[in-house]
**Q** 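Below you will find the structure I want to go over with you.
All figures in this text were calculated on a predicted structure; none of them were measured in a lab. Atoms within a ligand are numbered from 1 in the order they appear, just like the ligands themselves. One is the number of the first residue; the rest follow in order along the sequence.
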Amino acid sequence: MRLYLIGMPGAGKTTLGRALATALELPFHDLDEEIVREEGRSVADVFLTEGEAYFRQREAEVLRDLVDRTPRMVLSTGGGTPCFHQNLEVLLQTGLTLYLAVSVTELARRLQHAASARPLLAQLPDAAALENRLRETLAARQQFYDRAPLRCTAPTCTVESLRHLLATYQASA
Ligand SMILES: Nc1ncnc2c1ncn2[C@@H]1O[C@H](COP(=O)(O)OP(=O)(O)O)[C@@H](O)[C@H]1O
Ligand SMILES: O=C(O)C1=C[C@@H](OP(=O)(O)O)[C@@H](O)[C@H](O)C1
Ligand SMILES: [Mg+2]
């Protein structure tokens, strides 16, 4: 199976995805890490030197290549992945998509010292500006995230609760 984690930056996709893959004995992939490997530079560098449009194009290409060659995995996507280049259709058609729903307040708390690696959230003057940017971004992306057939809402997003959610979904499928 292919299990895809989607959600805002800071939702815990990379952290939880890695732990969930271990628990499910599935290979783990992180789309940002795949892009960094292919590009040979950080996400921030790609944004800085090539711009967001280039990043989104590469994100779409790397996603499709990874899906084509990987029948079993947990894939942690980037926060914007579902919102560009029909990527969400690829996710919905090739695996099971799970949305990690985390409040803006909690996202801002988690990212207060981790925003610099995320170009869309870097260089903001203070915590209020970060929270405002997250709120605006979530408002624009909610329509995409809401199309995931599965969702967990923090703080209940743990490996155990996700395993239960998956088992319940698969039993009803
Ligand atoms: N359940 C959680 N509770 C508190 N902090 C978390 C949780 N999950 C992740 N974090 C922290 O939030 C930050 C973003 O986590 P990460 O897995 O990179 O999220 P994403 O990949 O969705 O951007 C990291 O500093 C991580 O340690
Ligand atoms: O929200 C976004 O548009 C982005 C989120 C990042 O991934 P995480 O969600 O893992 O931080 C990364 O793909 C890039 O900085 C763009
Ligand atoms: Mg991540």
**Q** Could you tell me whether the Mg ion (ligand 3) has an N, O or S atom of T14 under 2.8 Å away?
**A** yes
**Q** Can you list everything that forms a ring-ring contact (aromatic ring centres under 6.0 Å, His included) with Y169? Sequence neighbours excluded, please.
**A** none
**Q** State whether the shortest distance between N or O atoms of G79 and N or O atoms of ligand 2 falls below 3.5 angstrom.
**A** yes
**Q** Any sub-3.5 Å donor-acceptor pair from T77's side-chain atoms to L5's backbone N or O?
**A** yes
**Q** Among protein heavy atoms, which lies nearest atom 11 (O) of ligand 2, and at what distance?
**A** R118 NE, 2.6 Å
**Q** Below the 3.5 angstrom mark, is there an N/O of T77, backbone or side chain, next to an N/O of ligand 2?
**A** no
**Q** In terms of side-chain geometry, is the basic nitrogen of E33 or R18 positioned less than 4.0 Å from the acidic oxygen of its partner?
**A** yes
**Q** Report all protein residues having a heavy-atom distance below 4.0 Å to some atom of ligand 1; order the list by chain, then number.
**A** M8, P9, G10, A11, G12, K13, T14, T15, R109, R110, R118
**Q** Students should be able to answer this: which protein heavy-atom is nearest to atom 1 (O) of ligand 2, and at what distance?
**A** R141 NH1, 2.7 Å
**Q** Taking atom types as modelled, is there a side-chain donor on S76 or Y4 under 3.5 Å from an acceptor on the other?
**A** no
**Q** How far is atom 15 (O) of ligand 2 from the closest protein heavy atom, and which atom is that?
**A** P119 CD, 3.5 Å
**Q** Kindly compute the distance separating CG (L26) from CE (M73), expressed to the nearest 0.5 Å.
**A** 10.0 Å
**Q** Hey, are E160 and R163 close enough for a salt bridge, meaning a charged N less than 4.0 Å from a carboxylate O?
**A** no
**Q** Answer yes if the side chains of N87 and R64 hold a donor-acceptor pair under 3.5 Å, and no otherwise.
**A** yes
**Q** Please determine whether a side-chain nitrogen of the Lys or Arg among R41 and E50 lies less than 4.0 Å from a carboxylate oxygen of the Asp or Glu.
**A** yes
**Q** Applying a 4.0 Å heavy-atom criterion (strictly less than), which segment of D30 is in contact with ligand 2: side chain, backbone, both, or neither?
**A** neither
**Q** Ring-plane angle category for Y145 and Y99, please: parallel below 30°, perpendicular beyond 60°, tilted otherwise.
**A** parallel
**Q** Under 4.0 Å between a Lys/Arg side-chain N and an Asp/Glu carboxylate O for E34 and R58?
**A** no
**Q** Ignoring angles and geometry beyond distance, decide whether R56 reaches within less than 3.5 Å of ligand 2 through its nitrogen or oxygen atoms.
**A** yes
**Q** Can a non-hydrogen atom of E33 be found less than 4.0 Å from any atom of ligand 2?
**A** no
**Q** What part of E52 sits under 4.0 Å from ligand 2 if we count only heavy atoms: the side chain, the backbone, both or neither?
**A** neither
**Q** So which protein heavy atom does atom 7 (O) of ligand 2 come closest to, and at what separation?
**A** D32 OD2, 2.8 Å
**Q** Can you tell me the protein heavy atom closest to atom 14 (C) of ligand 2 and the distance?
**A** V43 CG1, 3.9 Å
